[in-house]
Amino acid sequence: RSLKSAISCAREGLFSKACQILTSKGIAPNTNETFERLKAKHPFSNPPSMPVGNIDTKPAQLRPDFNLLAVLQSFKKATACGPSGMRIQHFLDVASVPLPVSIISLLREVLNILLAGKAPEEIAPLLAGGSLTALLKVKATGWDVRPIAVGEVIRRLASKCAYNMVKEKASDFFFRPISVWCGLS
């Protein structure tokens, strides 16, 4: 089965994914022991509390000249989908279809709602959650699990857009030139 999957990926040009399939130890068994090992790696904690009062920051917003299509295209080919099953490729496919209203402009509106923090609170668990897979990790002392979480695509897209909007300013701030003087004797 994994050989067929690897060949299929290689035919689509997904060589890294084909190699991952061939070297994978597989998925951990669906047992209570696996579940307990996952819980041990990620213990429960209370969700963070929202700040109370007025926040004086202006929400990030995607301007009309922001190249959203380029951000969509920057995701790796065959990027995994989250719990909804939506993939980046779905947006790219629809973006190439002539429609009365551009999917890019509609998507920009949705992303601006998310970036402004104005999405309905009820959808937060859907957007902030992810699907968790326990990969099998074989060790000399036995086996363990390697948790892999895949978040919802629309949240990942919003995050990538926000990053792209601030990366130059952040780079200037964190990596500005620093002079260091050394004395030699």
Side-chain angles (χ1 to χ4, degrees), residues 8-9 12-21 38 41-42 44-135 146-178:
S8 175
C9 285
E12 292 181 39
L14 304 171
F15 303 115
S16 294
K17 193 167 187 162
C19 290
Q20 288 172 348
I21 289 169
L38 284 172
K41 290 183 181 297
H42 297 282
F44 176 80
S45 64
N46 291 320
S49 58
M50 292 298 292
V52 179
N54 210 2
I55 301 174
D56 264 354
T57 59
K58 191 174 166 186
Q61 294 288 278
L62 303 178
R63 295 186 321 263
D65 64 335
F66 181 83
N67 194 345
L68 184 52
L69 185 60
V71 175
L72 285 166
Q73 292 168 335
S74 73
F75 280 84
K76 287 184 181 178
K77 191 175 180 183
T79 292
C81 59
S84 71
M86 181 64 75
R87 294 182 180 275
I88 291 294
Q89 191 60 47
H90 294 143
F91 294 122
L92 290 170
D93 291 344
V94 175
S96 65
V97 176
L99 298 170
V101 179
S102 158
I103 187 69
I104 297 297
S105 63
L106 294 173
L107 189 54
R108 179 180 283 107
E109 288 180 36
V110 170
L111 292 169
N112 280 336
I113 290 168
L114 295 177
L115 291 170
K118 294 184 178 176
E121 195 173 313
E122 295 80 15
I123 68 170
L126 304 172
L127 292 176
S131 53
L132 184 65
T133 302
L135 297 182
R146 180 175 174 225
I148 302 294
V150 180
E152 193 54 55
V153 154
I154 195 80
R155 183 203 46 83
R156 291 163 48 205
L157 179 59
S159 298
K160 202 166 201 179
C161 288
Y163 164 74
N164 274 281
M165 291 185 333
V166 300
K167 70 181 176 185
E168 287 180 27
K169 285 183 183 177
S171 179
D172 290 345
F173 178 78
F174 289 110
F175 302 110
R176 60 181 170 254
I178 299 173

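- S74 meets the side chain to side chain contact (heavy atoms under 4.5 Å, CB included) test with V71, K160; sequence neighbours excluded.
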Begin with the C-alpha distance, continue with both residues' side-chain angles, and end with the deciding distance and a verdict on side-chain contact (heavy atoms from CB on, under 4.5 Å) for H90 and V153. CA-CA 10 Å; H90 294 143; V153 154; over 6 Å; no
Exercise answer: donor-acceptor pairs, residues 121-129 side-chain atoms, under 3.5 Å, sequence neighbours excluded:
none

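- Residue pairs meeting the side chain to side chain donor-acceptor pair (under 3.5 Å) criterion with at least one partner in residues 61-72, sequence neighbours excluded, are R63-D65.
- For residues 91-110, the pairs satisfying side chain to side chain donor-acceptor pair (under 3.5 Å) are Q89-D93, with sequence neighbours left out.
- For V97, the side chain to side chain contact (heavy atoms under 4.5 Å, CB included) test picks out L99, with sequence neighbours left out.
- Here S84 pairs with E152 under the side chain to side chain donor-acceptor pair (under 3.5 Å) rule; sequence neighbours left out.
- A pairwise comparison of heavy atoms in A158 and L115 identifies O-CD2, 3.7 Å as the closest pair.
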Go through it in stages, so that I can follow the logic: the residues are L157 and L68, the test is side-chain contact (heavy atoms from CB on, under 4.5 Å), and I'd like the CA-CA distance, side-chain angles, deciding distance and then a yes or no. CA-CA 9 Å; L157 179 59; L68 184 52; 4.3 Å; yes
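- Of all the heavy atoms in A95 and I103, the pair that sits closest is CA-CG2, 3.3 Å.
- Considering all non-hydrogen atoms of both residues, G130 and P83 come closest at C-CG, 3.7 Å.
- When side chains are defined from C-beta on, V150 counts as touching S131, because their heavy atoms get closer than 4.5 Å.
- Among residues two or more places apart in sequence or in another chain, the side chain to side chain contact (heavy atoms under 4.5 Å, CB included) test is passed with I113 by K118, A119.
- Partners of K167 according to the side chain to side chain contact (heavy atoms under 4.5 Å, CB included) rule, which considers only residues two or more places apart in sequence or in another chain, are Y163, N164.
- One finds the CG atom of L62 at 4.5 Å from the CG atom of N112 (value rounded to the nearest 0.5 Å).
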side-chain contact (heavy atoms from CB on, under 4.5 Å), that's the test. Do L107 and I154 meet it? Break it down for me. CA-CA 9 Å; L107 189 54; I154 195 80; 3.5 Å; yes
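- A 4.5 Å side-chain heavy-atom check between L92 and R87 finds every atom pair outside the cut-off.
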